[in-house]
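Structure first, commentary second.
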Amino acid sequence: MQESKEKRKLPREFYTRHDILVIARELLGKLLVVPAADGSRVSGFIVETEAYIAPEDKASHAYNFRRTQRNESSYSIGGAVYVFFIYGMYFQFNVVTNVIDVPHVVLIRALEPFEGVEIMRERRKTANDKNLTSGPGKLCIALGIDRNLNNEDLLGEKIWIEESDFKVSGKNVMSGKRIGIDYAEEFAEKPWRFWVKDNLFVSRR
DNA sequence: CGCAGGATGGGCT
DNA sequence: GCCCATCCTGCGG
């Protein structure tokens with residue numbers, strides 16, 4: 001049992017590929033898992049992603065290879081976790097891709113809840129299950145993702161991503177401009193946001 | 001339903 | 001000192 005679970009964890013080679021747009025699309029339907037304090041699983045299927053492609057991308061924290069204490073983990077090897085704090089209240093969870101010192105990251109913007117839904121309800125304090133994980137800040141609250149997970153490895157035991165039976169066919173992958181980056185000039189228009197067509201948990205429809 | 005405004009604090013120009 | 005890769009509430013129609 002343990003062994004078959006391990007086999008479903010995405011391997012390093014999934015993340016270290018160079019084409020981040022392929023990875024951002026392929027992450028749709030994969031299962032993001034964070035164990036709770038009692039060891040039970042809290043998880044959801046990824047249904048919305050965005051690619052941030054530094055050094056060219058003016059929307060990226062690592063634009064022009066800007067390198068600070070805050071964004072340092074985005075320079076780690078593919079498969080690392082980049083978590084940052086935003087708007088004084090929220091965290092955002094990103095998957096680092098490519099090789100060391102290439103700061104490509106995929107922001108996970110929405111999940112469809114799967115395991116540990118009762119724990120998510122307690123953490124989110126919302127009456128409506130549609131609000132549990134339908135946004136980048138919401139899903140971090142629901143899964144308990146905060147700065148403690150920054151620069152963790154998705155091949156470790158604190159947080160990881162698994163293969164799943166939630167299959168997303170090519171015709172169900174939609175793309176469009178990214179959210180909340182109007183300042184990024186010509187990069188604001190790039191169609192680097194991906195989502196599962198008609199999925200209820202996508203943050204904006 | 002849509003939209004405006006407030007919450008709230010760390011990072012960076 | 002200003003700017004956020006956001007969320008929630010309350011108000012108007």
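Sequence lines set the chain letters: A, B, ... in the order given, protein chains first and strands last, and positions in each chain run from 1. All figures in this text were calculated on a predicted structure; none of them were measured in a lab.
- Checked against the 6.0 Å centroid criterion, the rings of A:Tyr52 and A:His104 do not qualify as a close aromatic pair.
- Note: A:Phe84 and A:Tyr82 meet the aromatic proximity criterion, with ring centroids under 6.0 Å apart.
- For the pair A:Arg17 and A:Tyr15, the cation does not sit on the ring face, since its NZ or CZ is not both under 6.0 Å from the ring centre and inside 45° of the axis.
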Inset, instruction - Sugar-phosphate means primed atoms, P, OP1 and OP2; the rest is base. With that split, encode nucleotides 1-11 of chain B 5' to 3' as B, S or - using protein heavy atoms under 4.0 Å. - result: ------BBBSS
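- In this structure, A:Asn131 reaches neither bases nor backbone, as no heavy-atom distance under 4.0 Å exists between it and the strands shown.
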Legend entry - Criterion side chain to side chain contact (heavy atoms under 4.5 Å, CB included) on A:Leu107 and A:Gln92, from CA distance to verdict: CA-CA 7 Å; A:Leu107 170 66; A:Gln92 306 225 354; 3.3 Å; yes
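- Taking the 5' to 3' direction, DNA chain C first and last meets chain A under 4.0 angstrom from a heavy atom at C:dC4 to C:dC8.
- Counting non-hydrogen atoms under 4.0 angstrom, A:Arg109 reaches the backbone sugars and phosphates but no base.
- Looking only at side-chain heavy atoms (C-beta outward), A:Phe194 and A:Glu48 stay at 4.5 Å or farther from each other.
- In this structure, A:Arg204 reaches neither bases nor backbone, as no heavy-atom distance under 4.0 Å exists between it and the strands shown.
- Nearest-nucleotide assignment on DNA chain C puts the 5′-proximal partner with A:Val105, out of A:Arg124 and A:Val105.
- Shown here is A:Arg204, whose CZ atom has no more than 12 heavy atoms of other residues, nucleotides or ligands within 6.0 Å.
- B:dT8: no Watson-Crick or G-U partner with both key distances under 3.5 Å is found in any strand.
- Side-chain N or O atoms of A:Arg193 include none that pairs as donor or acceptor with a backbone N or O of A:Thr49 at under 3.5 Å.
- Here the straight-line distance linking atom NZ of A:Lys30 with atom CG of A:Leu111 works out to 14.0 Å at 0.5 Å rounding.
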